[in-house]
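Residue indices begin at 1 and follow the sequence shown. Treat the numbers as computed from the prediction; the structure is a model and nothing was measured. In what follows, every heavy atom counts, from backbone to side chain, and hydrogens, waters and symmetry copies are set aside.
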Amino acid sequence: WTLPTRYLHDLVAADDGALFAVDSETADVAEFSVLLNGSAGEDEARSLPVGPGRRARLAHRRTLRTTTSSLFDSAATAHANNAIAAAGLLWVLHNNLQSTSELHLFELATGAPVRTLLLGGPNCHNPLFYKGELLYLLSSSGGLARLRADGGSTTLWEAGAEWFTKGLAVVDDVAYFGLSRKTRQARDRNFAAMELASFDLAAGRLVRRVPLRVPGLPHERPGLLNAISAPALAPTCSWRACSTTQSHESVAAAHDPDPAAWLPRRRRKAG
């Protein structure tokens, strides 16, 4: 599908099947629905095959602005990086290379801004719900961190300033994320040494760091690891912790945040 984005950075599926595309250049988040057709035909030019005799097309529902101006004008400014649509809210991470990254909350129904939370440092990625709180990668220091509803942020582990973290998934209380050596030039990221790290969230300790190599590539170095997921478990594993033993409903109940706890106090009283 051709998307109406200029710098696509993330594409996630919500529980109801809606798709949300994050445009880093404009800080817009576009919402789509996937429409299934019984067979190929009039929509064939704009549809994709999804099985024998079945095709799907993408319908643009709306576009939500997450800032009042373009954030991609310079490397010093923040830009929309990742998004989650859950618990009646749209959660949008605004990365920042030289200052503090932010998490912006909006009412999903109206797009109205609700709250802005500061993260633990610059250049953050991959927000993910775990036990009602929000895990994310503190990429500038090769770290994994947790954000609470009261706005407090805690660094759980970090490799140090020479490392960069990106790509996060949690399965059975273990966080898996990519860990790459930083490079001086942006083009050299494609050949950076990279590892897959695993962190036991229950025990609060790093389990393993496994070097990843791809035979045939220069130096066998695959570069940055951008995303991790477990689609065989659930299509939401890129933004919600997954389980190999629990149902999707049980997992959502265990990990999704309580929206009332994340709303500003004045909104809680009004409700």
Side-chain angles (χ1 to χ4, degrees), residues 1-68 70-72 79-94 103-115 125-129 134 167-169 226-242 247-253 255-259 262-263:
W1 287 306
T2 300
L3 299 176
T5 53
R6 298 170 65 180
Y7 193 125
L8 179 67
H9 199 284
D10 198 11
L11 182 67
V12 295
D15 283 321
D16 63 358
L19 299 180
F20 291 83
V22 181
D23 190 339
S24 288
E25 183 166 343
T26 62
D28 290 348
V29 177
E31 180 182 354
F32 305 90
S33 58
V34 179
L35 305 179
L36 294 175
N37 300 320
S39 60
E42 57 181 347
D43 294 313
E44 186 169 354
R46 297 183 179 180
S47 62
L48 295 175
V50 292
R54 293 178 64 81
R55 303 183 70 87
R57 60 187 176 89
L58 206 62
H60 182 206
R61 292 180 178 176
R62 57 177 175 165
T63 295
L64 303 172
R65 293 304 310 271
T66 69
T67 183
T68 56
S70 176
L71 292 173
F72 206 68
H79 61 279
N81 233 8
N82 304 103
I84 304 173
L89 298 171
L90 180 67
W91 314 64
V92 183
L93 193 154
H94 281 189
L103 183 71
H104 293 254
L105 275 60
F106 303 85
E107 290 182 353
L108 189 55
T110 65
V114 172
R115 187 183 184 189
H125 293 87
N126 301 106
L128 184 146
F129 295 135
L134 192 91
L168 175 65
N226 279 321
I228 302 176
S229 190
L233 298 179
T236 57
C237 285
S238 63
W239 56 264
R240 177 195 284 136
C242 287
S247 67
H248 181 77
E249 292 74 16
S250 297
V251 168
H255 297 294
D256 278 5
D258 176 6
W262 289 81
L263 293 176

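In this structure, Leu89 and Pro259 approach most closely via the heavy-atom pair CD1-CB, 4.4 Å. Cys242 and Val251 make their closest contact through CA-CG1, 4.4 Å (heavy atoms, listed as atom of the first residue, atom of the second, distance). The nearest pair of heavy atoms linking Ser229 to Ser238 is OG-N, 3.7 Å. Nearest heavy-atom pair across Leu168 and Asn126 is CD2-O, 3.4 Å. Here the closest heavy-atom approach between residue Val34 and residue Gly17 is recorded as CG2-O, 4.4 Å. The shortest non-hydrogen separation linking Ala59 to Leu35 is CB-CD1, 3.8 Å.
Partners of Thr236 according to the side chain to side chain contact (heavy atoms under 4.5 Å, CB included) rule, which considers only residues two or more places apart in sequence or in another chain, are Asp15, Ala234, Trp239, Arg240, His248. Contacts of His104 classified as side-chain hydrogen bond (donor to acceptor under 3.5 Å, both in side chains), with partners at least two apart in sequence or in another chain: His94, Glu102, Thr116. Partners of Trp91 by ring-ring contact (aromatic ring centres under 6.0 Å, His included), not counting sequence neighbours, listed by chain and number: Phe129, Trp262. For Thr110, the side chain to side chain contact (heavy atoms under 4.5 Å, CB included) partners at least two apart in sequence or on another chain are Glu107, Ala112. The side-chain hydrogen bond (donor to acceptor under 3.5 Å, both in side chains) search around Asn82 returns Asp10, not counting sequence neighbours. For His9, there are no ring-ring contact (aromatic ring centres under 6.0 Å, His included) partners at least two apart in sequence or on another chain. Shown here are the side chain to side chain contact (heavy atoms under 4.5 Å, CB included) partners of Arg61, two or more places apart in sequence or in another chain: Asp16, Ala18, Glu31, Ser33. In terms of the side-chain hydrogen bond (donor to acceptor under 3.5 Å, both in side chains) criterion, residue partners of Ser247 (sequence neighbours excluded) are, by chain and number, Ser250. Checked against side chain to side chain contact (heavy atoms under 4.5 Å, CB included), Ala30 has the following partners two or more places apart in sequence or in another chain: Phe32, His60, Thr63.
Rounded to the nearest 0.5 angstrom, Trp1 CH2 and Leu11 CG are separated by 9.0 Å. To the nearest 0.5 Å, atoms CG (Asp256) and CD1 (Ile84) are separated by 9.0 Å. The CG atom of Leu128 lies 8.5 Å from the SG atom of Cys237; values are rounded to the nearest 0.5 Å. In this structure, CZ on Arg57 lies 12.0 Å from CG on Leu48, to the nearest 0.5 angstrom. With rounding to the nearest 0.5 Å, the separation of CG in Leu64 from CG in Asp28 is 8.5 Å. Rounding to the nearest 0.5 angstrom, the gap separating the OG1 atom in Thr26 from the CZ atom in Arg65 is 6.0 Å.
Side chains of Pro257 and Leu134 form no contact here, defined as non-hydrogen atoms less than 4.5 Å apart. Inter-residue side-chain proximity for Asp23 and Leu3 is flagged as unmet; no heavy-atom pair is nearer than 4.5 Å. Phe106 places none of its side-chain heavy atoms less than 4.5 Å from the side chain of Val29.
Of the listed residues (Leu93, Val92, Val22), just one forms a side chain to side chain contact (heavy atoms under 4.5 Å, CB included) with Asn81, and that residue is Leu93.
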Check: What do the steps show when you test Leu263 against Val114 for side chain to side chain contact (heavy atoms under 4.5 Å, CB included), and what is the final call?
Finding: CA-CA 7 Å; Leu263 293 176; Val114 172; 3.4 Å; yes

